[in-house]
Each structure stands twice: as C-alpha cells, then as structure tokens.
Amino acid sequence: MEQQAVALDYQAVLEQVAADVAPLIGSGRPAAYIPALAGVDPGRFGMAVADLHGTVHGVGDWRRPFSAQSITKVFTLALVLAAGGDALWRRVGREPSGNPFNSLVQLEYENGIPRNPFINAGALVVTDALQTLTGDASSELLEFLREESGNPELGFDAEVAASEAAHGDRNAALAHFMASYGNIAGPVPALLDHYFWQCSIEMSCADLTLAARFLARHGLRADGSRLLSRSEAKQINAVMLTCGTYDAAGEFAHRVGLPGKSGVGGGIVAVVPGRCTLCVWSPGLDERGNSVAGVAALDRFTTLTGLSVF
Ligand code: GLU
C-alpha cells in the first residue's frame, strides 16, 4: 500500500530542522582512523529530501560531495541481490552484531559467516560476491550510482582509498580470516582494493537521495525498470533498520523510526518507503560512529512530519 501523499513543504521542514540542530553542528569528531577523513571540517551540515519522482530539496551543504563510506554498502548489497538473488544469504546473515562494525570476535565462533551485510566483514563478502558476478565490483557500483543520481561526475577519491589501504590491516584481517573458512571466493588483495575504492566514492546529499530512491520505490530504478523485487527492497530496508547504524541501530530506530545507513564520513541515508529518501551529512561522529547532528536532524524531520515506518 502506498503511503497517502499528504502535501508537505519539504523545503520549509528542512529549514526548520537545520535551525533546530544548529547548536549540535560541530559536536562529535570526524573519523580519525582513516587519516584522509580526519581533516574534514566538522562545521559542515547538509540535508536533502528526494521525492519518488526525483525532485530534490536541500539545505546547507546539500550539494557538497563527501566520502560516502559505508553508505555504499547498501548499493553493493542491492546489486548483488539483483544479480545473484537469495544465494548471498547463505554467506552472510541479517542479524545485528552487537559489536563494533570492524570487530573480528564473532567471526571465529560463527564459522566465518558475518552477522550482516553492513558490518565490514559482511560488506567484504558482498563485494566479493559482486566481484564474482560482474568481474569489476567497484566500477559496477560507480556506474550504477552515476545512473541513479543522474550525476556523471561521481567518482572515487584516490587519496581516501589510498589512506584506507594504508591503514587497512583490520579489513585485511577480516577478509583473510573469512577466506580461511571458504567464504571469500576471489583473491583477498583485489577484494580489498575494490572495497576501499567503493568506500571512497564521493557523493553529495542530493546524489545519495536520488541514488537510494529504488528503496522508496519498492525496487524500481530511476528509469522505471525493476532492480529488485518488492520483497527484496523490503528486505534491504529491514536490514537497514536493524543493522544500518552500527551498534546504535536500536537507538536510531527509537529516535528516527526509519531504515537508515550511516558512514564514517558523517553521512546518513534514510528511507520512507512509498514516499521519499533523505540524506544528511555532518562529519562530527558520536562514539558509535554516527553523525551527531545527522541523527538529530533525522529525528527532528520525522517528529515534525510524522513520516516514519511506525
Ligand atoms: N571504509 C571504512 C572501513 O572500512 C568504512 C567504515 C564505515 O563507514 O562504516 O572501516
């Protein structure tokens, strides 16, 4: 059932949200474990909403590209489900991990099967699957994002990718460990390259709201063709709700009430199925890795509009 499209003045709502969260902008700290991200200005804030037809409204730095980081995990997951179907779920679970996103501890006693596709271990498995299915996971992802956002300029940030590779021992450990259980099909060094390139993609709030629209459109792409079945789109939204904001997904669901996926670049994408997509960016992160002003802004948005999945 589509949600009733009660007319909302998104621009006015966004301006209200930006005013309400202004005191929080600059709180928290940009991610420091990837040195190329540590220098981002924590005073930035942008937010955008795209309706189902692709009209975008925004406020603040909503057109400014930032490092999408783990938000890209949503799109790789969608591409794998679109190309390979349900087989992926034999290699990765869909339960919250209750552990930090880059944790190794669960993997050993769960036999190399990551808890979900949004922790780093799970995303490495998804990228490996996309690599097997397409032969070039990062280019496939970039092409998809360019098409859905309508922005042919989207690209990788070579400095961020190199910085991640130089400080990627933990991701390398995760990948090698899973390979020892037979849960990585291709060579680990190539997998890590694709994974780091994906994380380094630069996108604005406007780009991300447009690219994520298939999740609000029950699986339909921007051109009207079907990427995912309605049920697969529902499944991704469900995993975003339960696992998309690190080990604070319960708190995020409590405050925001929408499927969301955050990244350590300070962005968060959220979906109102049947209605719109949202993206907010502010680089100051809380101790769990979610943007402080970003979560607050989404909280204000759903409170002001009443839009939520609940
Ligand atoms: N590239 C980051 C990493 O692998 C992504 C983390 C994130 O945004 O959650 O650690």
Side-chain angles (χ1 to χ4, degrees), residues 28-40 65-77 92 96-105 107 114-128 130 137-138 141-142 145 156-178 184 188-203 205 208 212 239-240 242-249 252 260-270 279-292 294-295:
R29 299 167 68 125
Y33 76 102
I34 302 171
L37 296 181
V40 179
F66 61 91
S67 194
Q69 292 294 320
S70 277
I71 298 172
T72 59
K73 291 171 178 157
V74 172
F75 302 103
T76 21
L77 175 62
V92 60
S97 71
N99 281 302
F101 65 95
N102 54 5
S103 169
L104 281 145
V105 294
L107 272 181
R115 273 287 174 103
N116 69 67
F118 295 150
I119 51 175
N120 284 11
L124 286 161
V125 169
V126 176
T127 299
D128 178 62
L130 189 60
S138 41
L141 174 64
L142 184 60
L145 293 173
F156 305 111
D157 181 329
E159 190 198 338
V160 170
S163 187
E164 296 210 36
H167 297 83
D169 292 329
R170 187 170 275 263
N171 285 317
L174 290 167
H176 282 292
F177 196 57
M178 291 188 292
I184 296 294
V188 167
L191 167 62
L192 290 170
D193 283 348
H194 282 284
Y195 174 78
F196 294 139
W197 281 113
Q198 286 170 29
C199 291
S200 82
I201 291 175
E202 293 245 291
M203 296 177 76
C205 291
L208 279 160
V239 181
M240 288 170 73
T242 53
C243 312
T245 40
Y246 308 117
D247 48 344
F252 186 85
K261 181 73 200 87
S262 55
V264 295
I268 309 173
V269 162
C279 181
V280 61
W281 171 56
S282 195
L285 307 180
D286 62 22
E287 64 289 349
R288 304 279 183 80
N290 296 308
S291 167
V292 175
V295 175

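Start at 1 and go down the list; that is how both ligands and their atoms are numbered.
Of the heavy atoms in Ser70, both backbone and side-chain atoms come closer than 4.0 Å to ligand 1. Looking at Ile71 against ligand 1, nothing comes within 4.0 Å, counting heavy atoms. Residue contacts with ligand 1, taken as heavy atom pairs separated by less than 4.0 Å, involve Asn120 solely via side-chain atoms from C-beta onward.
With 3.5 Å as the limit, one finds a donor-acceptor pair spanning the side chains of Asn120 and Asn171.
A heavy-atom separation below 4.0 Å is not found between Asn102 and ligand 1.
Shown in contact with Gly263 at under 4.0 Å from a heavy atom are these atoms of ligand 1, numbered in order with element: 8 (O). Proximity to Cys199 (heavy-atom distance under 4.0 Å) selects the following atoms of ligand 1: 1 (N). Atoms of ligand 1 lying under 4.0 Å from any heavy atom of Asn171, numbered from 1 in the order shown and given with element: 3 (C), 4 (O), 10 (O). Residue Val264 has at least one heavy-atom neighbour below 4.0 Å for each of these atoms of ligand 1: 6 (C), 7 (C), 8 (O), 9 (O).
Looking at Phe196, Tyr33, Tyr246, it is Tyr33 that brings a heavy atom closest to atom 3 (C) of ligand 1. Here the shortest heavy-atom distance to atom 5 (C) of ligand 1, taken over Arg170, Gln69, Gln198, belongs to Gln69.
Of all non-hydrogen atoms in Gly122 and Val92, the two that sit nearest each other are CA-CG2, 4.0 Å. Closest approach of Val40 and Pro30 over heavy atoms only: O-CG, 3.7 Å. Smallest separation of non-hydrogen atoms from Ile119 and Asn116: N-OD1, 3.1 Å.
Between Gln69 and Val160 there is a side-chain heavy-atom pair separated by less than 4.5 Å. The shortest distance between side-chain heavy atoms of Leu77 and Leu130 does not fall below 4.5 Å. Contact annotation: the side chain of Tyr195 approaches that of Lys73 to within less than 4.5 Å [non-hydrogen atoms, C-beta and beyond].
At the shortest separation from atom 4 (O) of ligand 1 among protein heavy atoms lies Tyr195 OH, 2.7 Å. Given atom 1 (N) of ligand 1, the protein heavy atom at minimum distance is Glu164 OE1, 2.5 Å.
Taking the ring axis of Tyr246 as reference, the NZ or CZ atom of Lys261 stays within 45° of it and closer than 6.0 Å to the ring centre.
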